[in-house]
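Proteins come first, then strands; the chains are lettered A, B, ... in the order of their sequence lines, and each starts at number 1. Keep in mind that what you see is a predicted model, and the values were worked out from it rather than measured.
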Amino acid sequence: MLRFSRSCSRMLVSKRLTSQLRCVSQTAFLRKPSGNIDGLSGATGREDIGFLKSSSVSMSPHFGPFDHSHAVVSAAESRDIMNLWSLLEACLHSGYMERAFSILKSLYALKSHQAYFIDDYNKFLMKYAETLHDIKDLDKKLFHDIQETFPACEYNDKTLAILIHHALKLSSSAEAKLEHCKIYFKMAVSGQRSILSNVDVLTVPNYKSLVHDLKLVSLNELPAAVRPLIESGNIVTGEMLSSQQSSEINAKALSHGEVALDRNIEPLDKDAKELLAVDTIGMKVVRHTLLGLSFTEDQKKQITSFNFDTSSNLLNFDQEKESIDFFEMFRNLKSEEERRSFESALDEFNQDRQHQLENRATDAAKERWRHDFEEAKSRGDLSIQKKLNIKLWEWFNLMLPLVKEEVRRCAAVANKTAQDTSLSPQEKKQNKARQEYGPYLTLVDPEKMCVITILELLKLNSTGGIIEGMRTARAVISVGKAIEMEFRAEMLLKNESHVFKDVNKKSHEFKLMVQRARATFRSIKIEESKVLWPQEARAKIGSILISMLIHVAKVKVEGVDPVTNEKIKGEAPAFSHGYQYHNGSKLGVLKIHRSLIHQLNGERLVAAVQPQLLPMLVKPRAWNSWNSGGYYYTQSTLIRSKDSPEQVAYLKAVSDAGAIDNVYRGLNVLGETPWTVNRKMFNVMSQVWNSGKPFLDIPGIQEKLTLTPQPPRDADPSVHREWKLKNKELANEFSGNRSARCDANYKLEIARAFLGEKFYFPHNLDFRGRAYPLSPHFNHLGNDMSRGLMTFWHGKRLGSTGLRWLKVHLSNLFGFDKAPLEDRVRFAEDHIDDIRDSAEHPLDGKCWWKEADKPWQALATCMELNEALKMSNPDDFVSHQPVHQDGTCNGLQHYAALGGDIEGATQVNLVPSDRPQDVYSHVAKLVVARLEKAAANGDETAALLKDKIKRKVVKQTVMTNVYGVTYIGATHQIDKQLSTLFNDHKRSYELSKYLTKHVFASVRELFEGAHLIQDWLGECAKRISKSIRLDVDEKTLKNGNKPDFMSSVIWTTPLGLPIVQPYRENGKKQVATNLQTVFISDPFAINPINARRQKAGFPPNFIHSLDASHMLLSAAKCGEKGLDFAAVHDSYWTHACDVDTMNVVLREQFIKLHEVDLIERLKDEFDERYKNYLQILKIDKKSEVAMKVTDLKKKLSQKLGRPFTLADEIYMEKKRIQLLSSEDASEQAEGANMVTTVSLVAGAGDISNLEKTSDASCLVVLAPLTLPQIPPKGDFDVRELEKSKYFFS
Amino acid sequence: MAIRVQPLRDLAKIQHYYGFRYLLNPGVHEKIFDKLDLPQTYQDTSKLKVLDLYPGPGQHSAIFHNRFKPLQHVLMDARPDFVKHLRGLSSTQNDSFQLYGKDPYEWQSYTDLIDVEKKFVPSKRSLDSIHDEFLVLANLTGMVGEGLFMQWLACVGNRNWLHRFGRVKMLVWVLESTAMKILARPGDQLRSKCSVVADTFTDTKLVATMETKNLHKFGQGVIDSHKPVLFPENDVWMPSGKPISLLEVNPSKHNIDLDNFDYVTKHLLILRSTPLCEAFESLGHGGRDYFTTVIKDKKFLRKCPKELTSSEFLMITEAFVNWPFKPDIYMDFIDVFQDND
DNA sequence: CTTGTAAGTATTGATATAAGTAATAGACAATAC
DNA sequence: TTATTGTCTACCGACAATATCAATACTTACGAC
């Protein structure tokens, strides 16, 4: 990917020509960059679901996260680049051109960055050009920069696009335009098309002008998305339609008119049932966005064409009464055809709403405050909620001028208009600080910043273990992040409107095309923005804003004067910055005044659910690269990287090579499943909620925390201690309840906002490849309540199997899931009356559903079943209820498949059986057997315990065993169970210790093969993480005999996703902000790895990466088969009627996954990836090799005149390897002849027999890294699974 | 009958020292007692009851016992190696020298000894003078010694634990670093809450300290005015570890609410170098406004917390107590993350 | 014009902070010797 | 270089210590040659 640097002669040629033709365009004769070498060629042919291609990319010699051929270089430099980028971006947007240019110079100076420099320059140029009035000035500037300032930089097609754009904009005559553009096109690097593909630079009118007016380009050279916009004069009239697409649309639109409904759909009243004690600022905002969008004329026409009475409820801000239940409408449509056209109309409508949702939320909040304020002024009725809003409005107005002033000062500093001389030292310091954060502060509209700050702080109330406040560190960063997010969205929007500014979108059809073009544009734009603000900058601007808010925000307070005992009224800051201690460490805290807390009604404010991160109204943008997918205006990355540049580097590499398409495919299926809120469930829940009483897992309202009275001062210290503990317990319970209630509140509020809507969950992966919805709070990964609240948007006819599965599902939800399917069906049938009662009288009946393991979902299922059973033929019922199929101890299933344990595989249902096996009970049985044997031998403890062992006692331990729980941890778990049976703490712990030993032994016995694998994985991880790599900076080796271990465990999943365990030492440092210093990690620091966590984490992470692959494969397959599909890691959901199909897919894919010997492949991958890595071994001092090594060391030490250190050894070996891999034959030979300590050890062959542990007679040597032998595999053949119906059930 | 005083080389045979360090030079011990002039407080040492906490090898205890012949001398230690050793020391001797084998860390051990088993019952004395029949000896040079010592100081403030019997003198071996903290004067580098607390509730002196090159790090004039006995590291066993010092703690007469005082000092001393007028804001919502109104002295407001004396802290505490809008000082903790099953 | 020195400034590193340790046991890393 | 002392203890989603001061690194200023 390197660009060859220019040759001297060409330089001369171009200079000569330049002098002749300068009059036209100086830049015309800048050297043309030579072609670039394209990316890595694809992998070999044989069928590959991702692994082969991907692993070959991430292990190719050209790639390495520490390597110079990729953007991520040495830690320091990549940090520099990132900081400079974000600063450049900030300066450009703030118009600080001078500073921006100097940043460019700094970027230019970074060698590793050179190939990418032109992108930065282009950004600069684009902004710079806006200030000019003559295209010639732009020419001149570019010419000068590229010739003089950045000689090693070469322009690209985007540069030309910028020139063209401005040529069209600035030139007065058509001739001038033509002349310039002609030249620019001639300069194309990879052709005219490539220039034209820059849809983020060239506007629609530009294209039009190039095609129609100048006739420089033909229509089919334009990017596909833009083409329809330019065709046949659309721009002018916006009405003529010519393309195939638009006529289709037209037809659809017409068909709308024919849709008739036999039943009137009642418009629903979303606000009719105000949820009690729910603070709705935030969600009102969202609802307004959802409801408050006025329809365009077109949309109005469309919607009315469905015979809905919408003319009266063009919803807007003040008139928030009614909205439409799209789901109800959809459900009542008769024909497939109608439903299709309805959906397409809805989808289009939702495009706009999604846009609004992601972009307008902050404005909406502010408007809400203002509205309440003005209403109060005129009317004076003040609910608590409104009072709060008024307060917020006041703060907003007080804060705004301060922010504006600060922004002004920042601008002054940046533009150097503030004179330094007359300032006090303090002010000078302030200005210095402004220079750092200023560029970031000036990007977002001050009004928005105020709103964001207020909302963020209210949202964070009661987080981080602070009872009436929050952690400062969290607050400043949250505010900073929110500002950044706002900035990104705004920027995208601004750019977009720049490109589309003159487009007339009169007609509906034309608008569709614009929408499509916009989507393309956005994708490009989002992919391009690789910049993130440094954590430090976020913290800094966050702290500035917060301190201003602290300064202005006041609340009325009441207190009692302790002296006079009089009531006193006063005013106090609403927020106060202080500290609290925790275990002797200070913690910065922002406390919220109690009187404000009361106004928040004891609940955490539901204020600012990141409006950008709600469920989506339209299908998420499909994933097609590591950073493009999901929301439309909000960038998210494919994996949630834990501040690990290494992870990102690997991901980028395989993403760019197109090696993880199967991952995208699966993920996109998950995102494309439409959902809606289960209205009946919502109604039941809100009724419960409004009672304020505790119900199931919703705690009741608890007004405030009351502490127990203090013991007398001279009471024994132990009494004081008890008192403190008691208080902590109370506080814990209180805040636990509050956050649980608050969480439920979020869920209900979001659900309410999305009542009747069709929505989607964009998904993301954690670093192991497991998928998570991007939207927090309300998603199908949530608790029982969340899950009970949602249902599939699409309905499918049950059919006979569907009905059966629905019954099974109900039984499962009741925890009756260990029986054969027939029994489970019978379970449901035996409870038909209960089901009906629960469904029809959920709260005033027998409440059978509350006995379920997962009551809410059980209730939902009862309702569904009841409806179905009411029909004359229940098979005809159209069901929306997701039915789950859960793996029985999914981790163990994978382990069993890997280890080939027959017994283990049987126990986790990999082997066909007529009834499902339950591992936990089985283990319990094994334990009891052991105990009985011990008891027979006179072991009293065993005798005492043997009849106390229930499934529940061992369940957690068996489960966590997969995650590598330690003996002590398991003891804790078991003690938790046993301590309910025994009163004596000490005794129960002793028993637990004893029992744990038996449980461990039993599990190990059952899953022998699995455990061998687990141990093997652990051993590999340990060796890798303690190995020494030769390709890192030498300075990490400088400290003599203790090199830092730098290699993390990296592997590639079957789907090709590269996984890098991010566990490194904590690289946090203090950063000064306005309020206090905060302790944050530097995301670019590459710290020594944490070997312990690497080791402990690898086995479970590897297994999770497998189950994630299984899930994504299954998702993709189900998607292909047209199923609606959702998954919670190892629980797979689809429509009742599709369960059988899904089950087949699940088994197929599991077999496909495990047909390859994954462990062997893993070892091969490790061997390849970590070849040339070294490990430290202790071998017998007296062995032949050891003697040789000692000799060599002695010799070298004499030569050096100082001890020969480990670092020296490594350095030497590095040299040798370099020579060996050289292309020069003589160098190769030299390398081959070189004798190093490592080569000696390597030459000695197998030295494992020489290894000594901690004997005094051993010598520490460096040896090539070797991994242990793979343990033998058992006889289980995964293909047996094909017929195992209880595999997932 | 005298208790056998064993020399260092014998005591060094004890296996485990549990991370504690003891001065094991009888001569130095005698010098220390010379300097302490205990008879001035305990006119009649035959009525004296001594509680000896973590006596360890017991050399210090033996010397004390032989010299002052107290009425009762209870050694409290639960560490097996020391218990074994001390048992040999006490059993053959007179019955005023007793071993009590419970852990001095546990509050319960004291209630057992005093209130339940009533094996050691000190008399109650008025607060007008130092208790003249009750003395506490202790060695807190171990890992958690500092923490325990701080808690004991709080007990002095609360007048609970052993201090419910009056102003009980304590002779406590601590790490040098702890001594430095405790003895730091206003303005010192090490001035911190514990030295303020020590100032407020006690009169504490440095009696003896190991000779190190760090002596200058003791607060202003501590060495000069306390004139501690100095002893070399060789006199201390274990041979390696941190230097140790002996403190004499004389509880003072006071009537102060510890909780408010605690809150105020704790919070102010976080911003130890920030002028008061700013630091006050961290005491609660509107703290700056309130305190700058109540406290008029502009010069005082420019001082920073580390420069304040104990009485100045008391003054601020008083103002704090009278603050109508003061925050709830009992909510001043972090709610640890709760894990759910 | 170069370079020396001093002084001043930014950055980094070390240290203290609070103040019950509930309870186990074994591996592994860090530190002291 | 070996003993001892200290730390940590189940994976992921996940969410975080800070003030202060001494010491070092780095820059600037100024003066002299």
Side-chain angles (χ1 to χ4, degrees), chain A residues 432 460 463-464 471-474 476-478 535 539 579-588 640 642-643 717-718 720-721 724-725 764-773 776 781 891 956-957 959-973 975 985-986 988-990 992-993 996 1022 1041-1042 1066 1068-1072 1076-1081 1091-1093 1095-1104 1108 1129 1254 1256 1260, chain B residues 19 103 105-107 143-144 146-154 177 181 189-190 192-194 239-241 262 266 269-274 306 337:
Chain A
K432 194 126 205 173
L460 286 173
T463 59
R471 298 185 177 194
T472 317
R474 173 112 195 251
V476 291
I477 288 173
S478 292
Q535 199 80 320
Y579 303 87
Q580 284 181 1
Y581 276 108
H582 185 62
N583 289 335
S585 320
K586 297 165 190 138
L587 206 63
R640 306 175 180 210
K642 304 186 100 171
D643 282 349
S718 58
H720 280 273
R721 169 146 184 273
K724 274 188 194 162
L725 280 179
N764 211 347
L765 303 175
D766 72 13
F767 75 88
R768 302 155 315 161
R770 280 190 162 193
Y772 300 82
L781 255 73
Q956 196 187 11
T957 305
M959 223 158 63
T960 53
N961 193 47
V962 182
Y963 305 138
V965 76
T966 57
Y967 168 70
I968 192 101
T971 311
H972 279 106
Q973 298 166 357
D975 186 51
H985 256 277
K986 238 184 169 130
S988 89
Y989 196 84
E990 255 164 49
S992 309
K993 275 194 311 189
T996 306
K1022 189 171 127 190
N1041 284 326
K1042 273 237 171 67
N1066 219 344
K1068 287 185 176 163
K1069 55 175 195 185
Q1070 283 177 266
V1071 169
Q1076 60 170 69
T1077 72
V1078 289
F1079 200 51
I1080 45 184
S1081 62
R1092 172 186 236 129
R1093 300 238 290 146
K1095 184 189 167 186
F1098 181 46
N1101 286 339
F1102 180 69
I1103 295 300
H1104 284 324
H1129 307 319
S1254 70
V1260 174
Chain B
D103 185 355
Y105 190 87
E106 297 297 331
W107 304 118
M143 263 243 300
V144 290
E146 179 168 304
L148 193 50
F149 186 61
M150 298 311 164
Q151 291 175 62
W152 288 1
L153 283 184
S177 58
K181 270 193 254 189
Q189 166 103 240
L190 284 166
S192 62
K193 202 191 90 171
C194 37
S240 70
D262 196 67
K266 190 197 306 186
L269 278 164
I270 290 172
L271 300 168
R272 48 213 298 335
S273 298
T274 309
K306 68 172 178 194
F337 182 70

Asks: Take atom C1' in C:dC1 and the same atom in D:dC33, then report the distance between them in whole Å.
Replies: 10 Å
Asks: Nearest to the A:Q1070 side chain among D:dA17, D:dC15, D:dA19, which nucleotide is it?
Replies: D:dA19
Asks: For C:dA27 and A:K1095 - does any side-chain N or O of the residue sit under 4.0 Å from the phosphate oxygens OP1/OP2?
Replies: no
Asks: When you measure from the side chain of A:K993, which nucleotide among D:dG13, D:dA16, C:dT24 comes out closest?
Replies: C:dT24
Asks: Please give the distance between the C1' atoms of C:dT15 and C:dC33 as a whole number of Å.
Replies: 24 Å
Asks: Give a yes/no answer on whether the side chain of B:T274 brings an N or O atom under 4.0 Å of OP1 or OP2 in D:dT20.
Replies: yes
Asks: Between D:dA14 and C:dA25, how far apart are the two C1' atoms, rounded to whole Å?
Replies: 30 Å
Asks: Please determine whether a side-chain nitrogen or oxygen atom of B:S240 lies at a distance below 4.0 Å from atom OP1 or OP2 of C:dA32.
Replies: no
Asks: Identify which nucleotide among D:dC21, C:dA10, D:dT18 has an atom closest to any side-chain atom of A:K432, counting heavy atoms from C-beta outward.
Replies: C:dA10
Asks: Test your reading of the model: is there a side-chain donor-acceptor pair from A:R768 to the backbone of A:I1103, 3.5 Å cut-off?
Replies: no
Asks: Among the candidates D:dC8, D:dT18, D:dC12, find the nucleotide nearest to the side-chain atoms of A:A473.
Replies: D:dT18
Asks: Look at all strands and tell whether A:Q535 reaches a base, only sugar-phosphate, or nothing, counting heavy atoms closer than 4.0 Å.
Replies: base
Asks: On the side chain of A:Q973, is there an atom forming a donor-acceptor pair with the base of D:dA10 - under 3.5 Å, no angle test?
Replies: yes
Asks: Taking only the side-chain heavy atoms of A:D766 (C-beta and beyond), determine which of C:dA16, D:dG13, D:dA16 contains the nearest atom.
Replies: D:dG13
Asks: Quick one: is D:dC12 close enough that its OP1 or OP2 comes under 4.0 Å of any side-chain N or O from A:Y772?
Replies: no
Asks: Heavy atoms only, 4.0 Å cut-off, all strands: where does A:L781 land among base, sugar-phosphate and nothing?
Replies: nothing
Asks: Closer than 4.0 Å, any side-chain N/O of A:R471 to the OP1 or OP2 of D:dA16?
Replies: yes
Asks: Runs of at least three consecutive Watson-Crick or G-U pairs, both distances under 3.5 Å, are what I'm after; which ones involve DNA chain C?
Replies: C:4-17 with D:17-30, C:25-32 with D:2-9
Asks: Detail all sub-3.5 Å separations between protein N/O atoms and N/O atoms belonging to nucleotides 19-22 of chain C.
Replies:
from   : atom 1 : to     : atom 2 : distance (Å)
C:dA19 : N6     : B:E146 : OE2    : 2.8
C:dG20 : OP1    : A:K724 : NZ     : 3.4
C:dG20 : N7     : A:R721 : NH1    : 3.1
C:dG20 : O6     : B:E106 : OE1    : 3.1
C:dG20 : O6     : B:W107 : N      : 3.3
C:dG20 : N1     : B:Y105 : O      : 2.7
C:dG20 : N1     : B:W107 : NE1    : 3.1
C:dG20 : N2     : B:Y105 : O      : 3.2
C:dG20 : N2     : B:Q151 : OE1    : 3.4
C:dG20 : N3     : B:Y105 : OH     : 3.2
C:dG20 : N3     : B:Q151 : OE1    : 3.2
C:dA22 : OP2    : A:R721 : NH2    : 2.6

Asks: At under 4.0 Å, does any side-chain N or O of A:R640 touch on OP1 or OP2 of D:dA14?
Replies: yes
Asks: Using the C1' atom as the reference point in each nucleotide, state the distance between C:dC28 and C:dT9 in Å, no decimals.
Replies: 43 Å
Asks: Could you tell me whether a side-chain N or O of A:Y963 sits under 3.5 Å from a main-chain N or O of A:A1096, the two making a donor and an acceptor?
Replies: no
Asks: Please determine, for the side chain of B:Q189, which listed nucleotide (D:dC21, D:dA19, D:dA10) has the closest atom?
Replies: D:dC21
Asks: Take the protein atom CG of B:L269 and the nucleotide atom C1' of C:dA16, then report the distance between them rounded to whole Å.
Replies: 12 Å
Asks: Please determine if a side-chain N or O atom of A:S585 lies less than 4.0 Å away from the OP1 or OP2 oxygen of C:dT17.
Replies: no
Asks: Classify A:R474 by what it touches in the nucleic acid, base, sugar-phosphate, or nothing, heavy-atom distance under 4.0 Å.
Replies: base
Asks: Rounded off to whole Å, could you give me the CG-to-C1' distance for the A:N1066 and D:dC15 pair?
Replies: 13 Å
Asks: For D:dT5 versus C:dA18, give the span between their C1' atoms, rounded off to a whole number of Å.
Replies: 23 Å
Asks: Once you round it to whole Å, what is the distance between P of D:dC8 and CZ of A:R1093?
Replies: 11 Å
